[in-house]
Amino acid sequence: MKLFSTVRNEADGEQIIERSRFIGHVCPCETREEAEVFFDRIRDEYKDATHNVPAMVIGDKMQIQWASDNGEPQGTSGAPIVQMLVRQGITNIAVVVTRYFGGIKLGTGGLVRAYTSSTQIALDAAEICDVDELDALEWKIDYKAFNRVQNHNFDGTVELKDIRYTDCIQFVTVCADPESCSAQIQFLAGGSAELVCQRKERVLIPRP
């Protein structure tokens, strides 16, 4: 089940518009405090810039939405960035768009387009992903059966992870259909696989 969308990585992207240099920076953040740390880091790195416009959308339901125009005309930079993120359903993200003024005024509409397009360039570089909540099943199984599991072409999406080699094999399967996954594991193990626990886990799924 899709919960929301976010970005996988921190990234940036740059463009020149009417001699002004715009650099979009984005970072995945889960709290306002993380976003503030990111803002401070970008401001320090680009302290000679004309503007460093910050914006954030935080929370599974986009509960925190905040931005500043940082000296640009009111409503032309920070707010449009937040509106764009909300429109695309992207949250748990902090954005800073850095501008080095090139001497040509862009006007209200031009500023909105410049700041949102610079954000989009950075978003594309950061890889937008959907956050899904899947089932994580932890198993114990013998070595011979695990070889069959590793070589099996599962029906549906199943990821094997956290493999530990002891007197037996312990591993986790992350899947969308736990009943089907369990049936396949037990078939491959001849009914001897031990399900240790089952929990929900959030995973990032890249958009096509």
Side-chain angles (χ1 to χ4, degrees), residues 1-13 24-42 45 56-64 85-86 88-96 122-208:
M1 177 184 69
K2 175 184 171 181
L3 301 176
F4 53 86
S5 297
T6 190
V7 291
R8 182 185 295 276
N9 308 300
E10 181 176 336
D12 55 54
H25 317 268
V26 301
C27 181
C29 297
E30 294 189 352
T31 66
R32 188 178 192 123
E33 291 72 23
E34 289 178 3
E36 293 288 357
V37 169
F38 175 68
F39 294 156
D40 289 343
R41 175 159 57 86
I42 298 300
E45 186 174 348
M56 71 171 86
V57 178
I58 303 290
D60 292 9
K61 306 296 183 184
M62 302 185 180
Q63 299 95 316
I64 299 173
L85 295 172
V86 171
Q88 294 191 28
I90 300 171
T91 187
N92 286 355
I93 186 171
V95 177
V96 179
L123 286 173
D124 293 341
E127 189 178 3
I128 300 172
C129 294
D130 293 329
V131 178
D132 282 13
E133 190 169 69
L134 302 181
D135 286 274
L137 288 68
E138 185 173 345
W139 299 93
K140 284 185 178 180
I141 200 170
D142 64 52
Y143 278 74
K144 187 174 181 180
F146 183 68
N147 287 335
R148 291 193 291 270
V149 170
Q150 278 190 308
N151 295 321
H152 182 64
N153 185 18
F154 282 89
D155 297 329
T157 301
V158 177
E159 177 191 358
L160 271 63
K161 57 183 288 188
D162 299 340
I163 302 169
R164 288 168 288 167
Y165 298 88
T166 57
D167 56 328
C168 61
I169 305 290
Q170 292 179 255
F171 66 100
V172 173
T173 54
V174 179
C175 56
D177 186 345
E179 290 186 8
S180 173
C181 178
S182 295
Q184 293 175 80
I185 294 286
Q186 292 294 1
F187 173 78
L188 295 166
S192 65
E194 178 187 348
L195 179 60
V196 178
C197 67
Q198 182 172 344
R199 63 182 183 274
K200 293 292 185 180
E201 185 167 306
R202 291 183 174 185
V203 298
L204 293 174
I205 300 178
R207 286 185 177 179

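This chain uses plain numbering: 1 for the first residue, then up along the sequence.
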All heavy atoms of Ala125 vs all of Asp12, minimum pair found to be CB-O, 3.9 Å

Any non-hydrogen side-chain atom of Val7 less than 4.5 Å from a side-chain atom of Leu123? yes

Looking only at heavy atoms, the pair that brings Ala11 and Ala122 closest together is CB-O, 4.0 Å

Rounding to 0.5 Å, atoms CZ (Arg164) and CD1 (Ile169) come to a distance of 10.5 Å

| message | Counting C-beta onward and ignoring hydrogens, is there a side-chain heavy-atom pair between Gln150 and Leu188 closer than 4.5 Å? | response | no

Rounding to 0.5 Å, atoms NZ (Lys140) and CD (Gln170) come to a distance of 5.0 Å

Worksheet entry | Carboxylate-amine/guanidinium proximity below 4.0 Å for Arg32 and Glu34 | no

Side chains of Pro206 and Glu127, heavy atoms from C-beta outward: is any pair under 4.5 Å?
yes

The reported gap from CD1 in Ile141 to CZ in Arg148 (rounded to nearest 0.5 angstrom) is 7.5 Å

### Query
More than 12 foreign heavy atoms under 6.0 Å from CD of Glu30: is that the case here?
no

In this structure, CD1 of Ile128 is separated from CG of Asn9 (nearest 0.5 Å) by 12.0 Å

Mutual orientation of the aromatic rings belonging to Tyr143 and Tyr165 [parallel < 30°, tilted 30-60°, perpendicular > 60°]: tilted

Checking Ser180 against Gln184 for the side-chain hydrogen bond (donor to acceptor under 3.5 Å, both in side chains) test, could you report, in this order, the C-alpha distance in whole Å, the side-chain angles of both residues, the deciding distance, and whether it holds?
CA-CA 6 Å; Ser180 173; Gln184 293 175 80; 3.1 Å; yes

Separation between CD1 (Ile90) and CE (Met62), nearest 0.5 Å, reads 8.0 Å

Between Val149 and Phe154, the two heavy atoms sitting closest are O-CE1, 3.6 Å

Stepwise side-chain contact (heavy atoms from CB on, under 4.5 Å) test for Val57 and Asn92 | CA-CA 6 Å; Val57 178; Asn92 286 355; over 6 Å; no

Value for SG (Cys181) from CH2 (Trp139), rounded to nearest 0.5 Å, stands at 6.5 Å

Does any non-hydrogen side-chain atom of Asp135 lie less than 4.5 Å from one of Val174?
-> no

**Prompt:** Would Glu10 and Arg41 pass as an ion pair if we require N to O under 4.0 Å?
**Reply:** yes

Q: For salt bridge (charged side-chain N to carboxylate O under 4.0 Å, His left out), just list the numbers for Glu138 and Lys161, CA-CA rounded to whole Å, side-chain angles, deciding distance to a tenth of an Å, and then say yes or no.
A: CA-CA 9 Å; Glu138 185 173 345; Lys161 57 183 288 188; over 6 Å; no

Minimal heavy-atom distance between Val95 and Phe39, with the atoms involved, is O-CE2, 3.4 Å

Worksheet item: Where do Val26 and Ile93 land on the side-chain contact (heavy atoms from CB on, under 4.5 Å) test, with the steps shown first?
Response: CA-CA 7 Å; Val26 301; Ile93 186 171; 4.1 Å; yes

Side chain proximity check, Leu137 to Leu195, heavy atoms < 4.5 angstrom: yes

task = Kindly determine whether Ile185 and Thr173 satisfy side-chain contact (heavy atoms from CB on, under 4.5 Å), including the steps that lead there.
result = CA-CA 10 Å; Ile185 294 286; Thr173 54; 4.2 Å; yes

Non-hydrogen side-chain atoms of Thr166 and Cys168 separated by less than 4.5 Å: yes

Q.
Take a 6.0 Å sphere around CD of Glu179 and say whether it holds more than 12 heavy atoms from other residues, nucleotides or ligands.
A. no

Decide yes or no on side-chain hydrogen bond (donor to acceptor under 3.5 Å, both in side chains) for Ser5 and Asp130, but give the supporting numbers first. CA-CA 4 Å; Ser5 297; Asp130 293 329; 2.6 Å; yes

Notebook entry, point to check: Should Met56 and Phe38 count as side-chain neighbours, where that means a heavy-atom distance under 4.5 Å?
Noted result: no

*Apply the test side-chain contact (heavy atoms from CB on, under 4.5 Å) to residues Asp142 and Ser192: give CA-CA distance (whole Å), side-chain angles for both, the deciding distance (0.1 Å), then the verdict.*
CA-CA 8 Å; Asp142 64 52; Ser192 65; 4.2 Å; yes

| message | Measuring only between side-chain heavy atoms, which start at C-beta, is Thr6 closer than 4.5 Å to Leu204? | response | yes

